[in-house]
Amino acid sequence: MLTLQVLRNDRDALEQALSKRGIDAAPLLDRILTLDEERRHTQKEVDDLKAEQNAASREIGALFKSGKKDAAEARRAEMGGLKERIHALDERQKELVGEQEAALLELPNRPHATVPAGQSDTDNEVVSEEGAKPDLGDAALPHWELADRYKLIDFEAGVKISGAGFPVYRGKGAKLQRALIQFFLDRADAAGYEEFIPPHLVNADSGRGTGQLPDKEGQMYHCADDDLYLIPTAEVPLTNLYRGDLLNEGDLPIQLCGYTPCFRREAGSYGKDVRGLNRLHQFDKVEIVRFEKPENSYAALDVMVEHVRGLLRDLELPFRTLRLCGGDLGFTSALTYDLEVWSAAQGRWLEVSSVSNFETFQANRLQCRFRNSEGKPELVHTLNGSALALPRIVAALLENHQTPDGIRVPTALQPYTGFDSIS
RNA sequence: GGAGAAGUGCCAGAGUGGUCGAAUGGGCCUGAUUCGAAAUCAGGUGUGCCUUCACGGGUACCGGGGGUUCGAAUCCCUCCUUCUCCGCCA
């Protein structure tokens, strides 16, 4: 949620920036500003009436104390109308605040100056590409066939016990999952991220805090009896750790990481794009999260992207870095880099990480602030990134490192798996 | 799940209808004292919204929400959380 401050001070520039997302924000912006004017007007009115009421109440109290009962009673009789007017205005004010809040919630984050305008993922900007795509020849198999051949993943068992999109990992496939999680967590730890094991079910306030609610309501699994949501990413519980907090300047930056399973309903398509591990209802991910002072947040974003690149290099995977265009940029993000690994057998790029700076967009919803050098509360900047999501990494690992004799485990991962090949 | 108790500022803790945003103590900040420090003394120390060029002023907030009242931290309802005891249980 953008701050009213930005809207009031910078309406035209904001409209301009939002146009990069391919939307015309003007009607919404104007509506919010109109509501704002009325809200302020009503606020003034209601505050003045309350001031009048408070003064009268004090007066009545004083009269009673000094024994002037008749005068007190007389004054009291005059108060009835005032009370009702205050009540009515209070109600109106609540409505206005609610409407303004709802309208503000519809407004996506303002894209950073470097975000290219564009409609879809075809307009994303390729920032860099590294690692050699392997030449596997005609014998190359897609990961779902490799997973089957080496008995690493049982997709059909998953269908039986849960449904499509819930793979069952077995044997070395299960060990590979565990090894990757441990590897990612160790790297995050070495980079200064404190590890957390958060709840996997969160309340609606947390969903709102990070922006999954209300706009992605249908994408989360919801336990209706207890009104809890299964987390779609560790971003939700980790970022909400600091919801409502007023931090000291010295507390920043805060760096967190955590491994969790992630649950996504992903109502939608079937076909080759979502085959195998490409798109799942449940998957594992290690997430890194940072809370930063505004002036440092973009430097931090670069550090995070570089962290993820380091992981991909050590896994010996060819990858590229994209700067998302306005049309592909997430609702809550100001700037996002996607990291994609080359899927050799599928012949396409797979997104394995998304690293974003939300600036104050989440912090405003979260009400997460810090006391700045002037002693004034100021919204922090929040950032997060996958480091990394497992399924597509596994897919890329199987496909890129396949040999006639089996799957080669990258050197950096061998201490974690305990084996150097899968055959 | 059942019974009881409690939730107040950074912390401890007072306040049970009227100048209470809230005593007192601790912490923290500033100043005095000191060569410096400790100790001591003086002052300061929440947030949101509205308003003001500014100084300032108004209003709301004592777990959340609602209600009673001229007036609520204080009374009532409801929800949440914590603690104690019982039950159940990985």
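What's counted below: heavy atoms across the whole structure, side chains too, no hydrogens, waters or symmetry copies. Numbered from 1 within each chain, the chains take letters A, B, ... in sequence-line order.
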Rounded to whole angstrom, note down the P distance from B:G25 over to B:G44.
-> 13 Å
Could you check how far CG of A:Leu63 sits from P of B:U19, rounded to whole Å?
-> 15 Å
Phosphate contact (B:A60 OP1 or OP2) by A:Asn54 side-chain N/O below 4.0 Å = yes
Send over the distance from A:Glu378 CD to B:U47 P, rounded to a whole Å.
-> 14 Å
Between A:Leu18 and the options A:Leu107, A:Leu28, A:Asp24, the side-chain contact (heavy atoms from CB on, under 4.5 Å) test singles out A:Leu107
For A:Pro232 against A:Cys262, the heavy-atom pair lying closest together = O-CB, 3.2 Å
Which nucleotide in B:G18, B:A60, B:U47 has an atom nearest any side-chain atom of A:Pro377 | B:U47
Using both distances under 3.5 Å as the test, list the Watson-Crick or G-U wobble partner of B:U74, or none.
-> none
So, is A:Arg369 close to the B:U47 phosphate, meaning a side-chain N or O under 4.0 Å from OP1 or OP2?
-> no
Nucleotide opposite B:A3 in a Watson-Crick or G-U pair, distances under 3.5 Å = B:U84
Would you indicate, yes or no, if B:G71 has its OP1 or OP2 atom less than 4.0 angstrom from a side-chain nitrogen or oxygen of A:Arg75?
-> no
A:Lys83, nearest nucleotide to its side chain (from B:G18, B:G58, B:U69) | B:U69
What is the nucleic acid contact for A:Ala56, judged by heavy atoms within less than 4.0 Å: base, sugar-phosphate only, or nothing?
-> nothing
Ionic contact status for A:Glu316 with A:Arg408, cut-off 4.0 Å = yes
Checking B:A60, B:C70, B:U47 against the side chain of A:Lys50 (C-beta onward), the nearest is B:A60
Inter-nucleotide C1' distance (B:C11, B:G66), Å rounded = 31 Å
What is the base-pairing partner of B:U30, counting Watson-Crick and G-U wobble geometry with both distances under 3.5 Å?
-> B:A42
When all nucleic acid strands are considered with a 4.0 Å heavy-atom cut-off, which category describes A:Lys94: base, sugar-phosphate, or nothing?
-> sugar-phosphate
B:U74 versus B:A38 - spacing of their P atoms, nearest Å | 42 Å
Aromatic ring proximity, centroids under 6.0 angstrom, A:Phe291 and A:Tyr242 | yes
Mind calculating the distance between CD (A:Glu91) and P (B:G67) to the nearest angstrom?
-> 7 Å
Could you go through nucleotides 50-57 of chain B and list every protein N or O atom that sits under 3.5 Å from one of its N or O atoms, giving the distance for each pair?
| unit_1 | atom_1 | unit_2 | atom_2 | d |
| --- | --- | --- | --- | --- |
| B:C50 | OP1 | A:Arg8 | NH2 | 3.0 |
| B:C50 | OP1 | A:Arg39 | NH2 | 2.6 |

Between A:Asn54 and A:Ser57, is a side-chain hydrogen bond (donor to acceptor under 3.5 Å, both in side chains) present by the stated rule, with each step listed?
-> CA-CA 5 Å; A:Asn54 287 341; A:Ser57 291; 5.4 Å; no
Return the value, rounded to whole Å, for the distance between atom CD1 of A:Ile60 and atom P of B:U69.
-> 14 Å
What orientation do A:Phe331 and A:Phe361 show, parallel under 30°, tilted 30 to 60°, or perpendicular over 60°?
-> perpendicular
B:C62 and B:G21, which share atom name C1', separated by this distance in whole Å | 9 Å
Whole-angstrom distance between B:A12 and B:G63, as gauged at atom P = 14 Å
More 5' along RNA chain B: A:Lys376 or A:His87, using each one's nearest nucleotide?
-> A:Lys376
When you look at CD of A:Glu78, are more than 12 heavy atoms from neighbouring residues, nucleotides or ligands closer to it than 6.0 Å?
-> yes
Length of the line joining A:Asn372:CG and B:G46:P, which is rounded to integer Å | 15 Å
Any side-chain N or O of A:Lys65 under 4.0 Å from OP1/OP2 of B:G18?
-> no
Decide yes or no on ring pair (Phe, Tyr, Trp, His ring centres under 6.0 Å) for A:Tyr229 and A:Tyr221, but give the supporting numbers first.
-> CA-CA 6 Å; A:Tyr229 295 84; A:Tyr221 286 97; over 10 Å; no
Any idea which heavy atoms bring A:Leu350 and A:Ala395 closest together, and the distance?
-> CD1-CB, 4.3 Å
Start at the 5' end of RNA chain B and walk down; is the nucleotide closest to A:Gln53 or to A:Gly61 reached first?
-> A:Gly61
Spacing of the P atoms in B:A73 and B:A23 (rounded, Å) | 15 Å
Residue matched to B:A23 through Watson-Crick or wobble contacts both under 3.5 angstrom = none
